[in-house]
Every structure is written in C-alpha cells, then in structure tokens.
Protein chains: 2
Amino acid sequence: MQEVICTVDVVLLTLREGVLQVLLHRREREPFAGTLALPGGYVHTDSDRDTRDAALRVLRDKPGVHSPYLEQLATFSGPARDPRGWSISVAYYALVPDTLVTEAADAVLCPVDDLRGVPFDHAQIVASAVQRVRNKSSYSSLPVHVCQEPFTLPQLQAVYEALLGESLNKVSFRRKMDELDVLEAIPGVFSSGSAHRPAQLYRVKPAWRHALSLSERAI
Amino acid sequence: MQEVICTVDVVLLTLREGVLQVLLHRREREPFAGTLALPGGYVHTDSDRDTRDAALRVLRDKPGVHSPYLEQLATFSGPARDPRGWSISVAYYALVPDTLVTEAADAVLCPVDDLRGVPFDHAQIVASAVQRVRNKSSYSSLPVHVCQEPFTLPQLQAVYEALLGESLNKVSFRRKMDELDVLEAIPGVFSSGSAHRPAQLYRVKPAWRHALSLSERAI
DNA sequence: TCAATAGTGTCTTTAAGACAATATCTT
DNA sequence: AAGATATTGTCTTAAAGACACTATTGA
C-alpha cells in the first residue's frame, strides 16, 4: 500500500476593491510548476507541531502576514486530486486586512469567483472557504479581521456587506455590534478629512483579539 | 523526515436512556490494545476513495449501521497524539438512532461526559463532536437523524431537548419544524397503545433524506 | 448655507415564547 | 367520565427592519 502524501493548503482571503480575493502563489516545483495555486506544502514532521503550525509556516513567507485569523477549514483527500498519488490536504483559511497583502510576481490576489486554471482541487477548496466565511459572517464578528484597525462602524458595515453580498440595516447592524461587545471606541479619535461628519474610530477589545478563533461558533 | 501516520476516527453518537452516548471499540492491536477507543484505522490508499470512504469502511464492521448521517468533523494532528509517531487523524462524526446500535464485547456505548481512560486524544475529539452537534442542533434539522422513523413530533422534540440540554417551547418547536419543511406526516398513521391521544407519525421527506449533509449550514 | 455622511429615536413588522383551550386516546 | 398527552389558537414579549430626524464636518 502506497504512502499518503500529507500537505496543508492555506486560503488567505482579503477584500480589495470591494471584492473578496484569494492569495495565489506561483508554484516553483512540479507538479504544475509555474502555475498559480494556493500556498501550501508538505507537513514537516521534524519541525511542525501540528498542521496549524504548518499552515502558519506556509504563511510566514508572505511579508506582513504575521498572526492572521486562521481557522481549520476541512480536509480534502483522494487518489486523484494530486498527480503524485493518494493525498491528504488539511486546508486552513486566513482572513487579513488588505493593507497587509503585498502582491509580487509569485504572489497575486485573484477574485474568488474567477479561479479558472488553478490546479489540484484548489478551486473547490476556495469555494468551501468562501462558503464558510459567508456563513459565519452572518452571525459572528468574523469580518472584523478583514478591517485594518482602527476602523469606523460604516467601514465595518461595508465589509460585512461585501462579504455577505447584501446590504444591511444600519440600525440593526449597530445594535448587533453593540451586543457582540467585541469593539471599543477609541476615546476622542475620529475619522477626518472628508466633507462630512467624522466617524468614531473603533478597535477590537484586547481580550478578544486572539480569542475570536477559539469557539466553534465564534462570537 | 519521518512519514506521517494517516488515520480516520469516527465518533458515532446516539441517544440512549436520554443521554448522548458514543460508540467505543475495544482495540485489538497496539498501541493501547484491549482498551476502549474510537473506531478508526489507517487510510487504505489501495481501496479508499477518500477519507470519508475510509470512515464508512470503519463503520461497516458495526452491524446495522449502513448509511448513517456522516460529516467531517476536523483533523487532529501532531507528534504526540499517537505513540507510533507524527500522525494525522481525520475525524468524522455519525448520528444514528439508538435502535441501530448493537452493543457487544468489543463495542460499547459510553456517555460522552464520562470518557476517562480513552487513549490518544479521543476525549478531545469526542468533545469537539459533541460541541458541533449541540451547536448545529440549535438551528438545523440535524437531530432527525437520531430518531428512528417513523417518529412523532413529541418524540423529536424530546431528542432536541436531550441534545441541547434545555427544554423547548412546544409551539415554537412545531412552528420551526414546519418552516424547515423536511418532515412529512404519514397520512392516517398515528402512535397508539397509550392511554391518551395518539400522535401523528412523521418521516423525513425523501428529497431530504440523503441531502441533509450537503450544505455547510444544514437546513 | 449646502452637500454629504454619521449617529440616534421610534414606529412597524416579524419571530419567539407563554398560556390556555380543545381533541382523542385508554382505563 | 377521568386522566393523560397531542394539537391548535391567541396573546405577550423580544428581535429585526424601515424611516426619518438630528449632528458635524468641508466646500
């Protein structure tokens, strides 16, 4: 019985120009050398403490992405998804503000709806991540990870609307954010420079910043 | 770099005597031969089409459990969880009516809150499955898979209440079931034999029976 | 002052829960 | 008929959405 090829793949998502985009990496090695695919790689049993650690290692190459929101998505497997043989890929997804993503020759952002030509089953993995994010965004504070701090409530609402693909009621949105209780206003600090009333700037409460990924059904 | 040990584990859950219980299997081989652990085993690259297929194969040993509700839970990994070395376990959970579970010397049901002594990280895997089931039960039709068909609405409500650990409003519960639109009354068939009004018997609509595991946020 | 967007008050609509009335069995 | 549980109607309460009004800035 042949061995199982064990890898991790990371779906790094961000919002650029109002569109949900995924970071693709140009593969250096076969199979599919030269094509754009999800960043990923073999699990390193000599250095990775677990697959999450492997996913973080994969992301460390990307400048700026230090400690993103990272959650296990699902595991994809089978004899045909990788031409090298029977393989398992533990997929993770990350959410980051678009300001942290630097594009380069070997790292480009692509709209999640236009992934023709990506190899393996990576289109399916991305679709799965997008579905998870859309779903969780409807009842949780997940989208705050896409906003660069500090941010205003109108900015955050726009992020929710872009992720969910629908416009939200302003009053209800603010009530919900108030209930979730994960944001705090930065006293006396407002947006400025525009020809209208400035908006209060917010940040994630310190207690929440690294706790948001702990619960199954995130708050 | 040493190889990764690839396995699947199955958390088969059912409700017996009003308590959520998990099927444990007495291990025939080392490590931990003779102790009760989650049913599982190596991924067979020569016969399994994917890890879900491997999980179904693991369940085929259990008489009566033919095509249960089965969903991928999460993947657990690391150098220490299995004494044989760096390992990955893709965990699935299954929900079945308790009438399908036959206990034997090598297959026993244990309440999910009393898993002292189970090896590996299986207690953590079970806890994770229980959390997932409790969470999904609050907004989906997941618990119907724990009811042997045909069932009455009061029986189904009791199952929801056992899974969620709280009593539910009867009117709201029935309204919600009506909205979910996954059940159909069996015309003219009622429970009988008890000294009170008989209850309408229901079954899952055929269109739903095998479609309930498809969506991320099951209906 | 005007245009533009932020923030809030309040009414309406919808969903959830409480409670009680009626229905239908066995004994 | 009495006792038990099923089923349904309806009132109350809570959440969500619609809409409009006030607030604050730069041009």
Side-chain angles (χ1 to χ4, degrees), chain A residues 18 134-141 143-144 147-203 217 219, chain B residues 18 134-141 143-144 147-203 217 219:
Chain A
R134 295 225 159 104
N135 182 24
K136 284 192 100 158
S137 294
S138 65
Y139 60 82
S140 79
S141 63
V144 302
C147 273
Q148 175 71 55
E149 292 189 343
F151 50 81
T152 69
L153 285 182
Q155 284 168 352
L156 182 59
Q157 182 172 350
V159 168
Y160 268 83
E161 291 174 340
L163 290 179
L164 294 171
E166 61 182 1
S167 61
L168 299 175
N169 181 283
K170 184 170 53 166
V171 179
S172 300
F173 176 76
R174 282 160 181 262
R175 265 196 300 243
K176 186 57 78 180
M177 282 300 130
D178 193 51
E179 283 166 24
L180 287 178
D181 199 33
V182 299
L183 303 182
E184 62 185 10
I186 306 173
V189 182
F190 295 83
S191 64
S192 64
S194 49
H196 55 77
R197 175 174 175 176
Q200 174 69 56
L201 285 166
Y202 289 82
R203 62 180 165 227
R217 179 160 182 164
I219 295 178
Chain B
R134 295 223 160 104
N135 182 23
K136 282 192 99 157
S137 295
S138 66
Y139 60 79
S140 79
S141 63
V144 302
C147 272
Q148 175 72 53
E149 292 188 343
F151 49 81
T152 68
L153 285 181
Q155 283 168 354
L156 183 59
Q157 181 171 353
V159 167
Y160 269 82
E161 291 175 339
L163 291 179
L164 294 171
E166 61 182 359
S167 60
L168 299 175
N169 181 283
K170 186 170 49 169
V171 178
S172 301
F173 176 76
R174 282 160 179 262
R175 264 196 300 245
K176 187 57 78 182
M177 282 302 131
D178 193 52
E179 283 167 23
L180 287 177
D181 199 32
V182 299
L183 302 183
E184 61 185 13
I186 305 173
V189 182
F190 296 84
S191 64
S192 64
S194 50
H196 55 76
R197 176 173 173 177
Q200 174 69 56
L201 285 166
Y202 289 82
R203 61 179 163 228
R217 180 159 182 165
I219 294 179

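Within every chain, numbering begins at 1; the chains are lettered A, B, ... in the order of the sequence lines, protein sequences first and strands thereafter. None of the values given here were measured: they were computed from a predicted structure.
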Worksheet item: Starting at CZ of B/F173 and ending at C1' of D/dA6, how long is that distance when rounded to a whole Å?
Response: 14 Å

Worksheet item: Between B/F190 (CZ) and C/dA23 (C1'), how many Å, whole number?
Response: 11 Å

Item to complete: Respond yes when some side-chain nitrogen or oxygen of B/N169 is under 4.0 Å from OP1 or OP2 of C/dA16, and no when none is.
Response: no

Worksheet item: Given atom CG of A/D178 and atom P of D/dA15, what is their separation to the nearest angstrom?
Response: 13 Å

Item to complete: May I ask you to check whether B/F151 and B/Y202 place their ring centers less than 6.0 Å from one another?
Response: no

Worksheet entry | For atom NZ of B/K176 and atom C1' of C/dG17, their distance in whole Å | 13 Å

Practice prompt. Report yes if some heavy atom in the side chain of B/Y160 is under 4.5 Å from a heavy atom in the side chain of B/M177; otherwise report no.
Written response: yes

Discussion item. Looking at B/R175 and C/dA15, is any side-chain donor or acceptor paired with a base atom of the opposite kind under 3.5 Å?
Written reply: no

Fill in: Side-chain donor or acceptor of B/R134 paired with backbone N/O of B/L163 under 3.5 Å
yes

Practice prompt. Report yes if the side chains of B/L183 and B/L153 come closer than 4.5 Å at any heavy-atom pair, otherwise no.
Written response: yes

Item to complete: Could you check how far CD of A/Q155 sits from P of C/dT5, rounded to whole Å?
Response: 13 Å

Worksheet item: D/dT7 phosphate, OP1 or OP2: any side-chain N/O from B/K170 under 4.0 angstrom?
Response: no

Worksheet item: Hey, does B/I186 have a side-chain heavy atom less than 4.5 Å from the side chain of B/F190?
Response: no

Item to complete: Please work out which residues in residues 193-203 of chain A have a non-hydrogen atom less than 4.0 Å from an atom of DNA chain D and list them by number.
Response: A/S194, A/A195, A/H196, A/R197, A/P198

Worksheet item: Hey, is the main chain of A/L164 close enough, under 3.5 Å, to the side chain of A/S137 for a donor-acceptor pair?
Response: no

Practice prompt. Look at the side chain of B/Q157 and the backbone N and O of B/F173, then say whether any donor-acceptor pair between them is shorter than 3.5 Å.
Written response: no

Worksheet item: Can you tell me if A/E166 uses its side chain to pair, donor with acceptor, with the backbone of A/E161 under 3.5 Å?
Response: no

Practice prompt. Kindly state which residues belonging to residues 157-168 of chain B come within less than 4.0 angstrom of DNA chain D, counting heavy atoms of the residue only, listed by number.
Written response: none

Worksheet item: Are OP1 or OP2 of C/dG7 and a side-chain N or O of A/R174 less than 4.0 angstrom apart?
Response: yes

Worksheet item: Are the side chains of A/P154 and A/R174 in touch, meaning some heavy atoms are under 4.5 Å apart?
Response: yes

